[in-house]
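Below is one structure, written out as structure tokens, with a few remarks after it.
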Amino acid sequence: MHYWLFKTEPSAFSYDHLANALKQTAPWDGVRNYQARNFLRDDVQVGDEVFVYHSSIPEPAIVGIAKVVKAGYADHTAWDSSNEHFDPKSAPEKPLWYMVDVQAVCKLDQPVTLNVIKTEPALAHCSLFTRPRLSIHPITATEWQTIIDLSHPKSA
DNA sequence: GCCAACGTTGGC
DNA sequence: GCCAACGTTGGC
């Protein structure tokens, strides 16, 4: 059982897209980075929990939780020349890129913004900061709980 | 296998 | 839209 953080640009695919999808389930496709690919192919397992993070917006934030319902399999969008993530180096007989399927679990009570993440000492060594620009990040159980706590509205 | 040029990510 | 920080590509 592992925890992850998946980045997405909400203009392309948001948490709401996932929540509104058939069975609230969608493939997490289009990852074209080798480090992230290795996580998807080798380490992300059914039952793992995932924070969905919205990037490239005025206030980047973790907005919701998803769970992995299908482990790494070939990302066939790489074989489709009409797809924006087409990669001629990948082929069905020798897939280069991988994806997993995720299912929406719930939105956070309130988004945990990058600003909050940056200012929380317990998250100072989060993979988000040690591996900038990576789109798939491992999250420790401690970090996961810290972020869950931060997502709850402060009681008076 | 080095490394310069180029492309991408993503916060600001 | 800028640009820093990376990753990738390709000539040599």
Side-chain angles (χ1 to χ4, degrees), chain A residues 2-21 26-44 48-68 71-102 104-140 142-144 146-151 153-154:
Chain A
H2 291 105
Y3 298 102
W4 305 95
L5 181 149
F6 290 3
K7 288 183 188 172
T8 183
E9 295 193 18
S11 59
F13 187 81
S14 69
Y15 188 83
D16 286 340
H17 283 115
L18 178 62
N20 292 328
W28 201 272
D29 59 16
V31 172
R32 296 292 181 267
N33 167 280
Y34 287 104
Q35 257 189 331
R37 186 280 309 267
N38 292 347
F39 284 134
L40 292 176
R41 185 189 59 188
D42 304 333
D43 300 316
V44 177
D48 286 359
E49 293 193 272
V50 176
F51 282 135
V52 176
Y53 174 93
H54 285 175
S55 67
S56 295
I57 51 173
E59 198 157 49
I62 297 168
V63 297
I65 296 172
K67 67 177 178 184
V68 177
Y73 62 106
D75 183 345
H76 51 73
T77 67
W79 311 330
D80 175 2
S81 60
S82 68
N83 191 282
E84 61 172 322
H85 300 295
F86 173 64
D87 183 349
K89 294 193 299 298
S90 186
E93 60 275 16
K94 200 178 183 195
L96 183 60
W97 304 113
Y98 285 77
M99 59 188 177
V100 301
D101 287 355
V102 294
V105 172
C106 63
K107 278 188 156 181
L108 297 185
D109 288 346
Q110 60 186 16
V112 177
T113 65
L114 178 60
N115 207 37
V116 166
I117 296 169
K118 282 195 295 193
T119 53
E120 168 55 51
L123 300 174
H125 304 291
C126 177
S127 176
L128 265 183
F129 307 125
T130 57
R131 306 175 117 164
R133 306 193 316 139
L134 194 61
S135 64
I136 305 288
H137 290 272
I139 296 290
T140 69
T142 306
E143 289 164 348
W144 180 275
T146 300
I147 290 163
I148 294 293
D149 291 344
L150 289 169
S151 75
K154 286 204 172 65

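Naming: A, B, ... by sequence-line order, numbering from 1 per chain.
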In whole angstroms, the gap separating P of dC6(C) from NE2 of H137(A) amounts to 12 Å
Spacing of N115(A) atom CG relative to dC12(B) atom P, expressed in whole Å: 7 Å
For the ring pair W28(A) and Y98(A), is the centre-to-centre distance below 6.0 Å? no
Measure from CZ on R133(A) to P on dA5(C) and round the result to the nearest Å. 11 Å
For a quick test of reading the model: is some side-chain N or O of K7(A) closer than 4.0 Å to OP1 or OP2 of dG10(B)? yes
Quick one: do L96(A) and R37(A) satisfy side-chain contact (heavy atoms from CB on, under 4.5 Å)? Show the steps, please. CA-CA 9 Å; L96(A) 183 60; R37(A) 186 280 309 267; 4.0 Å; yes
To the nearest angstrom, the CZ-C1' distance between R131(A) and dA5(C) comes to 15 Å
Among dC12(B), dG7(C), dG10(B), which nucleotide has an atom closest to any side-chain atom of S56(A)? dG10(B)
What's the NZ-C1' distance between K89(A) and dG10(C), to the nearest Å? 13 Å
OP1 or OP2 of dT9(B) less than 4.0 angstrom from a side-chain nitrogen or oxygen of Y53(A), does that happen here? no
Can you tell me the distance, in whole Å, between the CD1 atom of I62(A) and the P atom of dG10(B)? 14 Å
What is the separation between atom CD on E9(A) and atom C1' on dG10(B), rounded to the nearest whole Å? 8 Å
Out of dC6(C), dC12(B), dG10(B), whichever nucleotide has its closest atom nearest the side chain of P132(A): dC6(C)
Compute the centroid of each ring, for F51(A) and then for W144(A), and state whether the two points are separated by less than 6.0 Å. yes
If I compare all heavy atoms of V112(A) with all of L150(A), which pair ends up nearest, and what's the gap? CG2-C, 3.9 Å
Quick one: F129(A) CZ to dC6(C) P, roughly how many Å, whole number? 14 Å
